[in-house]
Amino acid sequence: MIRKAVIPVAGLGTRLLPLTKALPKEMLPIGDKPVIEHTIRELVDSGIDEITIVTSARKDLVQRHFAPDGDLERELRATGKDGLADAVAELSSLAHITYLYQNGPYGNGTPVLNAARVIGDEPFMVLWADDVFVAEVPRAQQLKSAYEATRAPVLALMPMEVEDAARYGVPIVEEDLGGGRLRISGLVEKPRPEEAPSRYAAIGGYVVTPGVVTELEAATRRWHDDPAGEIYLTDALHRHATGNPVYGQVIDGTWYDTGSPLNYLKAQFAAVLAHPAYGPELRKLALEG
Ligand code: G1P
């Protein structure tokens, strides 16, 4: 059973600068909620509500968004704005969130290892906050079901155009098991298109098992001997896949990589047009424009 998840947010958000100089990319709105809130609601909707956010000092707005604010709530209630007070209160009771400061070598394996030391010896989910999905069954639930069926590490996949290979981890597919489930024997991080081992991209969702954490620990020990390297989750999964089962799950849904400017705007545009209250009016505006 997966009960816990990790969301790394310590990245600098360089692709969206200067917008993200002061405002963390995880706090950019999609519709009327920041990116990270979509990710947390996705986890909660999938039955995972113990969440470790691995952060940095410059991302304090993320913590403030989910922190209780009794003064604000009291003020809203005193002025009859109970609906808003309830919405503010709901944010701080959405999930059990703990925060850790990222500490260690450069690379996305480090926040996962930081969190694993707190979580201990059980499988957990890792979601990059900037890969946002609109899906009937949440991506996290699809990943969780794949783990429950396989009891092995699972990564979320989407079909990609081969020319985009250099932006993603690309799996080596061993066997197509049907229903979007693939057995994979390794991963290549950001290959050149002509070297891409498949037409799938790893898209920011992983079920990590203690065996994968052991590989991250080994990578960190190697880094201490030779600090020129970086620690990547993809490499740890690749090493684990040599001799152990690892699976990919092609996610049913629409994917927005909100860490890139155009895709962030696409996600925002789609969410705005789908807004339950304001969508119809905004669609009219978009057509006139
Ligand atoms: C990271 C991973 C990569 C994955 C991608 C998905 O890369 O290293 O394997 O495909 O996220 O968004 P980044 O986008 O941080 O460079």
Side-chain angles (χ1 to χ4, degrees), residues 5-17 20 24-26 28 30 35-36 38-39 42 54-56 59 102 104-115 125-135 139-140 142-143 153-173 182 184-193 195-208 212 215-216 219 223 229-241 246-251 253-264 266-267:
V6 175
I7 309 176
V9 305
L12 294 175
T14 44
R15 284 186 296 169
L16 290 165
L17 281 170
T20 48
K25 67 176 176 180
E26 295 80 8
L28 295 174
I30 294 189
V35 168
I36 182 112
H38 287 280
T39 312
E42 173 186 343
V54 185
T55 187
S56 75
K59 298 270 174 123
Q102 179 165 327
Y106 187 83
N108 64 27
T110 290
V112 179
L113 186 56
N114 292 161
M125 193 167 293
V126 177
L127 296 184
W128 303 155
D130 51 11
D131 283 307
V132 169
F133 273 85
V134 179
R139 160 194 51 176
Q142 295 181 47
L143 273 176
V154 184
L155 39 140
L157 300 174
M158 284 297 269
M160 64 158 188
E161 300 296 333
V162 73
E163 54 269 28
D164 292 334
R167 287 166 42 201
Y168 301 110
V170 179
I172 304 165
V173 176
L182 307 169
I184 68 169
S185 58
L187 275 159
V188 183
E189 181 69 0
K190 307 199 169 100
R192 288 206 299 260
E195 281 158 13
S198 69
R199 300 287 170 97
Y200 293 103
I203 36 106
Y206 309 82
V207 175
V208 167
V212 177
E215 292 296 346
L216 286 171
W223 179 85
E230 298 171 355
I231 310 290
Y232 280 100
L233 182 56
T234 307
D235 294 338
L237 281 161
H238 177 72
R239 283 173 188 269
H240 184 77
V246 172
Y247 295 86
Q249 180 65 44
V250 181
I251 302 296
T254 309
W255 162 42
Y256 297 101
D257 168 12
T258 63
S260 91
L262 177 61
N263 285 326
Y264 165 64
K266 279 186 188 168

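From a predicted model like this one, the values you see are computed outputs, not experimental measurements. In each ligand, atom 1 is the first atom listed, and ligand 1 is the first ligand listed.
Separating the CG atom in Asn263 from the OG1 atom in Thr258 is a distance of 8.5 Å, to the nearest 0.5 Å.
Summarising the geometry of Asp130 relative to Gly259, their closest heavy-atom pair is CB-N, 3.8 Å, with the distance given to 0.1 Å.
The side-chain contact (heavy atoms from CB on, under 4.5 Å) with Phe133 is formed by just one residue from the set Thr254, Thr39, Ile203; it is Ile203.
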Tell me, with the steps shown, if Asp257 and Arg15 meet salt bridge (charged side-chain N to carboxylate O under 4.0 Å, His left out). CA-CA 11 Å; Asp257 168 12; Arg15 284 186 296 169; 3.5 Å; yes
Give every pair formed by an N or O atom of ligand 1 and a protein N or O atom closer than 3.5 Å, one pair per line with both atom names and the distance to 0.1 Å, or write none.
residue, atom, partner, partner atom, Å
ligand 1, 7 (O), Lys190, NZ, 3.3
ligand 1, 8 (O), Asn108, ND2, 3.0
ligand 1, 8 (O), Glu189, OE2, 2.5
ligand 1, 9 (O), Gly169, N, 3.0
ligand 1, 9 (O), Glu189, OE1, 2.7
ligand 1, 9 (O), Glu189, OE2, 3.4
ligand 1, 9 (O), Thr234, OG1, 3.3
ligand 1, 10 (O), Gly169, N, 2.8
ligand 1, 10 (O), Ala202, O, 2.5
ligand 1, 11 (O), Trp128, NE1, 3.0
ligand 1, 12 (O), Asp131, OD2, 2.9
ligand 1, 16 (O), Lys190, NZ, 2.6

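Separation of the Trp128 and Tyr168 ring centroids does not fall under the 6.0 Å cut-off.
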Review item, side-chain donor-acceptor pairs of residues 232-239, under 3.5 Å, at least two apart:
residue, atom, partner, partner atom, Å
Tyr232, OH, Glu230, OE1, 3.0
Thr234, OG1, Glu189, OE1, 2.9
His238, ND1, Leu187, N, 3.0
His238, ND1, Leu187, O, 3.2

